[in-house]
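Since this is a predicted model, take the numbers as computed values, not measurements. Excluded from the calculations below are hydrogen atoms, water molecules and symmetry mates; all remaining heavy atoms, backbone and side chain alike, are included.
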Amino acid sequence: MRKHALPIERLAGVAAQFEPSSDGYLFRRGGCGPAVPVTTAEHAALAKAGNRALLLHLGAFGVCCWAAWLAVARALPGSSDLAMGAVVGIVVSAIGLVIYGSLRWHADAPARAVSGRRATRPARAADFGGHPGYWTIVLWMAVLSIAVVARPQPLAFNVALTIFGLVCALFVAGRRWLFARSLTSGQRAHARQAEKHERRADTPAARRRSLGIVVLLLLFFVLELVALAAGILLSVQAAAALMGRPAGAMPDGAFLGAVFVGFAVGGLFMWPVDRLCKRWTGESVFSNFDFLAGW
């Protein structure tokens, strides 16, 4: 995949399948398929459509989570908080998997658009692009844990969020494991070596990765987390204002929906911070997450 894609691009999964060429762009399905030439205008349109699809899916996910919470509350009146949270967590996880499947279908739109064109370059060796490292997954689970304890919530909400987080972590880790198992031993070794080389490539940015650069990367990492948190807080406060009540008095379903919409808003806030990081350090915090984890 193309290096240093912005966070929204990596999540959308479209722009990261393109790489610049002398007269436009080359599209590689999954980042490693045969290279098919596309124009700059086609690349821009496909990337924009992918980013738009991501934001729409995040918004739809938030709405579906809110609706699921209300539906379960009506279907199981008088149930315990533990049972309520467990059922909601399972339902929301199922919704998340459906949303993910739809998003992957949208991410494959460029392949359908160029299906009739002839490739100009052969496919290259598969790599782990698009499959986060295990330490990255652990770190994001740690961030989720902080989010759970940062604002006291009813037991049902915490149980639902914990189940959803665990399902997401297991799903992402399982995708990476299955992908690695689908490779031969030689391909797997090459993919792991390529992954290490990408993080430690002998580029000007990598050579000057002094203590100052590492500190800057960590600083921008914190700033991007703050930007994400700001998006979530803004979304929650906006929802509370629309409901005419304090955020702490919001119904659990409304709060959950506002949080997931806030992830989309936070992603937009992270984008300029990541661009500034790339300008100052030559690298993107998001694409160096495994490096920060000491992988």
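Below 30°, between 30° and 60°, or above 60°: for Tyr25 and His43 the angle between ring planes is below 30°, a parallel geometry.
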I'd like a table of donor-acceptor pairs (distance under 3.5 Å, sequence neighbours excluded) in which one partner is a side-chain atom from residues 239-248, with atom names and distances.
unit_1, atom_1, unit_2, atom_2, d
Arg245, NH1, Ala249, O, 3.2

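Gln17 CD to Arg29 CZ: the interatomic distance, rounded to the nearest 0.5 Å, is 8.0 Å. A distance of 11.0 Å separates CD in Glu19 from CZ in Phe27, rounded to the nearest 0.5 Å. The CG atom of Asp23 sits 10.0 Å away from the OG1 atom of Thr39 when rounded to the nearest 0.5 Å.
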**Full working for salt bridge (charged side-chain N to carboxylate O under 4.0 Å, His left out) between Glu224 and Arg275** = CA-CA 11 Å; Glu224 291 196 27; Arg275 290 195 64 180; over 6 Å; no
**Message:** I'd like to know whether Val91 forms a side chain to side chain contact (heavy atoms under 4.5 Å, CB included) with Trp69, so could you lay out the CA-CA distance, the side-chain angles of the two residues, the decisive distance to 0.1 Å, and finally the verdict.
**Reply:** CA-CA 9 Å; Val91 172; Trp69 192 284; over 6 Å; no
**Asked** Would Val261 and Leu58 count as a side chain to side chain contact (heavy atoms under 4.5 Å, CB included) if you check the C-alpha gap in whole Å, the side-chain angles of each, and the deciding distance to 0.1 Å?
**Response** CA-CA 6 Å; Val261 172; Leu58 289 176; over 6 Å; no
**Message:** Could you go through Arg118 and Val36, starting from their C-alpha distance and side-chain angles, then the distance that decides it, and tell me whether this counts as side chain to side chain contact (heavy atoms under 4.5 Å, CB included)?
**Reply:** CA-CA 7 Å; Arg118 179 176 299 179; Val36 179; over 6 Å; no
**Request:** Kindly indicate, with the supporting measurements, whether the criterion side chain to side chain contact (heavy atoms under 4.5 Å, CB included) is fulfilled by Val87 and Leu76.
**Result:** CA-CA 9 Å; Val87 173; Leu76 301 174; 3.9 Å; yes
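Between Phe164 and Phe171, a ring centre-to-centre spacing not shorter than 6.0 Å is recorded.
Residues Phe18 and Leu26 are not in side-chain contact: their nearest non-hydrogen atoms beyond the backbone lie 4.5 Å or more apart. Cys277 has its side chain out of reach of Leu216: every pair of non-hydrogen atoms, C-beta onward, lies at least 4.5 Å apart.
Under a 3.5 Å cut-off, the side chain of Ser93 and the backbone N or O of Val167 do not form any donor-acceptor pair. Judged purely by atom type and a 3.5 angstrom limit, Ser102 has no side-chain atom pairing as donor or acceptor with the backbone of Ile99. A donor-acceptor distance shorter than 3.5 angstrom exists from the side chain of Arg112 to the backbone of Trp105, with no hydrogens or angles considered.
For the residue pair Pro34 and Ala119, the shortest heavy atom distance occurs at CB-CB, 3.6 Å. Taking each heavy atom of Leu46 and Pro110 in turn, the nearest pair found is CD1-CB, 4.0 Å.
Val273 is connected to Phe221 through a chain of hydrophobic side-chain contacts under 4.5 Å among Ile, Leu, Val, Met, Phe, Trp and Tyr, so both are in one cluster. Note: the hydrophobic cluster containing Leu225 also contains Leu223 (ILVMFWY, side chain heavy atoms under 4.5 Å, direct or indirect links). Note on Met84 and Ile95: same hydrophobic cluster, where clusters join Ile, Leu, Val, Met, Phe, Trp and Tyr whose side-chain heavy atoms are under 4.5 Å apart, directly or indirectly. A continuous path of ILVMFWY side-chain contacts below 4.5 Å connects Val88 to Leu166, so both sit in one hydrophobic cluster. Leu56 and Val14 fall into different hydrophobic clusters, defined by Ile, Leu, Val, Met, Phe, Trp and Tyr side-chain heavy atoms under 4.5 Å apart, directly or through other members.
Applying the 6.0 Å contact sphere to CZ of Arg121 captures no more than 12 heavy atoms from other residues, nucleotides or ligands.
Residues that satisfy the side-chain contact (heavy atoms from CB on, under 4.5 Å) test with Leu276, not counting sequence neighbours, are Phe220, Trp280. The side-chain contact (heavy atoms from CB on, under 4.5 Å) test applied to Ala229 returns no partner, not counting sequence neighbours.
Ion pairing of Lys48 with Glu42 is absent here, as no side-chain N (NZ or NE/NH1/NH2) approaches a carboxylate O to less than 4.0 Å.
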